[in-house]
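Here the structure is laid out as structure tokens; the discussion comes afterwards.
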Amino acid sequence: MLAEVLARVVAVVGVALPLAIAIFVGLERLKRTHTEWRARLRTSAPVIVILSIVLVCNRIMRRAGPSISRDIGIHVNFYEIEGEFVLLFQRIASSEMNTYFTVAYVYGYTFLLIFPVIAYFALSNTRPFRRLLTAYSLNYAIGVVLYVLIVAYGPRNYMPELVSETMLYDNSPQFQYLTQEVNDRRNVFPSLHTSLSMTVACFAYATRDEYPSWLPVAVGLALSIVVSTMYLGIHWGIDVAAGIALALVSVAASDRLVDRWSLRDLRDAVASVRTTVDRQLDR
């Protein structure tokens with residue numbers, strides 16, 4: 001079943017990506033990318049390596065995290081804090097809404113994370129690309145630390161009978177095979193679906209001069225994903241608020257970090273120290 005679900009996600013996103021590239025990126029940027037991709041990769045290599053390491057560590061910690069959380073984690077009952085706020089979304093429940101938010105949560109989220117990576121790599125200025133990967137790294141790194149420290153369960157675990165009409169795992173149980181591969185049911189704070197989607201929305205706003213028509217699509221899809229996390233009974237409003245805060249912190253931090261410490265600066269600093277030491281030894 002997992003292979004079947006993965007194949008469907010790959011097929012849908014595999015159709016959406018070329019269409020989005022044709023509509024938003026355009027042929028001229030693709031031609032420039034064809035001639036500049038090596039230089040862009042060299043410039044961006046450090047952040048690509050960092051994101052790769054963070055993703056590997058994230059996957060390891062999501063497997064090992066629950067056992068560590070049992071020893072050091074703080075158990076929190078968000079139902080006692082928030083109550084039944086997420087049931088507000090049950091008022092708009094319908095089979096059509098179930099389908100829409102399920103598609104947004106699974107397929108839309110995957111597309112929303114991948115397309116900006118391609119779009120920003122297609123820009124001659126690599127800073128948006130490097131900032132985006134840095135922001136992704138921060139989201140995953142901070143998120144997994146909070147997953148270890150905060151042990152909590154989603155609405156579906158506290159009031160399954162009240163969210164059963166819209167709950168993802170009741171209406172589309174096949175997606176459990178996919179989500180179980182990437183997460184644990186105790187990892188709800190913060191909502192990484194929210195934080196990463198809002199991160200993409202923030203970057204779409206920041207790069208609106210380059211991709212003006214992408215901005216409304218990115219914002220609309222990001223908001224749909226944010227609502228879907230509560231509509232489908234997966235996250236509390238508290239998780240979503242924390243996800244939005246994490247997105248804002250990650251985007252702001254990426255602006256502070258990128259281009260502050262380049263490999264060239266590091267090499268120059270090492271060379272300067274070496275020259276100073278050599279002069280002192282020659283005296």
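Under the 4.5 Å side-chain criterion, counting only non-hydrogen atoms from C-beta, Phe189 is in contact with Ile238. Residues Arg127 and Asp255 have side chains in contact (heavy-atom distance under 4.5 Å, counting atoms from C-beta outward). For the pair Cys202 and Leu248, the minimum side-chain heavy-atom distance is below 4.5 Å. Between Leu196 and Leu112, the closest side-chain pair of non-hydrogen atoms is not below 4.5 Å. Counting heavy atoms from C-beta outward, His235 and Thr194 have side chains that stay 4.5 Å or more apart.
Screening residues 115-124 for side chain to side chain donor-acceptor pair (under 3.5 Å), with sequence neighbours left out, gives Glu36-Ser124, Arg40-Ser124, Tyr120-Thr207.
Note that the CD1 atom of Ile72 and the CG atom of Leu149 stand 5.5 Å from one another [nearest 0.5 Å]. The structure places CD1 of Ile234 at 12.0 Å from CZ of Phe101, a figure rounded to the nearest 0.5 Å. A distance of 11.0 Å separates OG in Ser44 from CG in Leu132, rounded to the nearest 0.5 Å. Separation of atoms CZ (Phe203) and OG (Ser250) is listed at 9.0 Å; rounding is to 0.5 Å. Distance OH/Tyr100 to OG/Ser224: 2.5 Å, rounded to 0.5 Å. Arg42 contributes atom CZ, which lies 11.5 Å from atom OG1 of Thr126 (distance to the nearest 0.5 angstrom).
Across all their heavy atoms, Trp236 and Tyr153 have their closest contact at NE1-O, 2.7 Å. In terms of heavy-atom proximity, Val258 sits nearest to Arg130 at CG1-NH1, 3.7 Å. Residues Leu113 and Val117 approach most closely at O-CG2, 3.5 Å, considering heavy atoms. When every heavy atom of Tyr231 is checked against every heavy atom of Ala93, the shortest pair comes out as OH-CA, 3.2 Å. Looking at every heavy atom in both residues, Ala135 comes nearest to Ser254 through N-CB, 4.0 Å. Between Leu246 and Leu138 the shortest heavy-atom distance is CD1-O, 4.5 Å.
Here Ile53 is tied into one hydrophobic group with Val49, each link being a pair of ILVMFWY side chains closer than 4.5 Å. Its side chain within the 4.5 Å cluster rule, Val56 clusters with Ile60 among the Ile, Leu, Val, Met, Phe, Trp and Tyr residues. Its side chain outside the 4.5 Å cluster rule for every partner, Val10 clusters with none of the Ile, Leu, Val, Met, Phe, Trp and Tyr residues.
Side chains of Thr199 and Asn139: a donor on one and an acceptor on the other come within 3.5 Å. Under 3.5 Å, the side chains of Tyr109 and Ser197 contain no donor-acceptor pair of N or O atoms.
Distance alone, capped at 3.5 Å, is enough to place a donor-acceptor pair between the Tyr147 side chain and the Pro190 backbone. A donor-acceptor distance shorter than 3.5 angstrom exists from the side chain of Tyr211 to the backbone of Ala119, with no hydrogens or angles considered. Looking only at distances, a side-chain donor or acceptor of Thr110 sits under 3.5 Å from a matching main-chain atom of Val106. A donor-acceptor distance shorter than 3.5 angstrom exists from the side chain of Thr229 to the backbone of Val226, with no hydrogens or angles considered. Between the side chain of Glu210 and the backbone N or O of Leu123 there is no donor-acceptor pair closer than 3.5 Å. With hydrogens and angles disregarded, a donor-acceptor distance shorter than 3.5 Å links the side chain of Ser94 to the backbone of Met97.
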- Begin with the C-alpha distance, continue with both residues' side-chain angles, and end with the deciding distance and a verdict on side chain to side chain contact (heavy atoms under 4.5 Å, CB included) for Phe121 and Leu133. CA-CA 11 Å; Phe121 186 72; Leu133 299 193; over 6 Å; no
- Task: Go through the steps for Ile225 and Met198 under the test side chain to side chain contact (heavy atoms under 4.5 Å, CB included), then give the verdict.
- Result: CA-CA 9 Å; Ile225 293 167; Met198 293 308 295; over 6 Å; no
- Task: Test Phe115 against Phe111 for ring-ring contact (aromatic ring centres under 6.0 Å, His included), laying out the working first.
- Result: CA-CA 6 Å; Phe115 173 70; Phe111 166 78; 5.7 Å; yes
- Would you please test Arg38 and Thr43 for side chain to side chain contact (heavy atoms under 4.5 Å, CB included) and show each step? CA-CA 9 Å; Arg38 288 185 180 83; Thr43 304; over 6 Å; no
- Query: When you look at Met61 and Val145, which way does the side chain to side chain contact (heavy atoms under 4.5 Å, CB included) test go after all the steps?
  - Reply: CA-CA 9 Å; Met61 285 304 297; Val145 170; over 6 Å; no
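For Tyr136, the ring-ring contact (aromatic ring centres under 6.0 Å, His included) test picks out no residue, with sequence neighbours left out.
Connection of Tyr158 to Val151 is not established within any shared hydrophobic cluster, with ILVMFWY side chains joined at heavy-atom distances below 4.5 Å, either directly or through further cluster members. By the criterion of side-chain heavy atoms lying less than 4.5 angstrom apart, applied directly or through intervening Ile, Leu, Val, Met, Phe, Trp or Tyr residues, Leu232 is grouped together with Val9 in one hydrophobic cluster. Hydrophobic clustering (side-chain heavy atoms under 4.5 Å, transitive across Ile, Leu, Val, Met, Phe, Trp, Tyr) keeps Val251 apart from Val249.
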Could you list the donor-acceptor pairs under 3.5 angstrom formed by side chains in residues 13-23, with sequence neighbours left out?
none

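A salt bridge does not link Asp259 to Arg131: none of the charged nitrogens lies less than 4.0 Å from a carboxylate oxygen.
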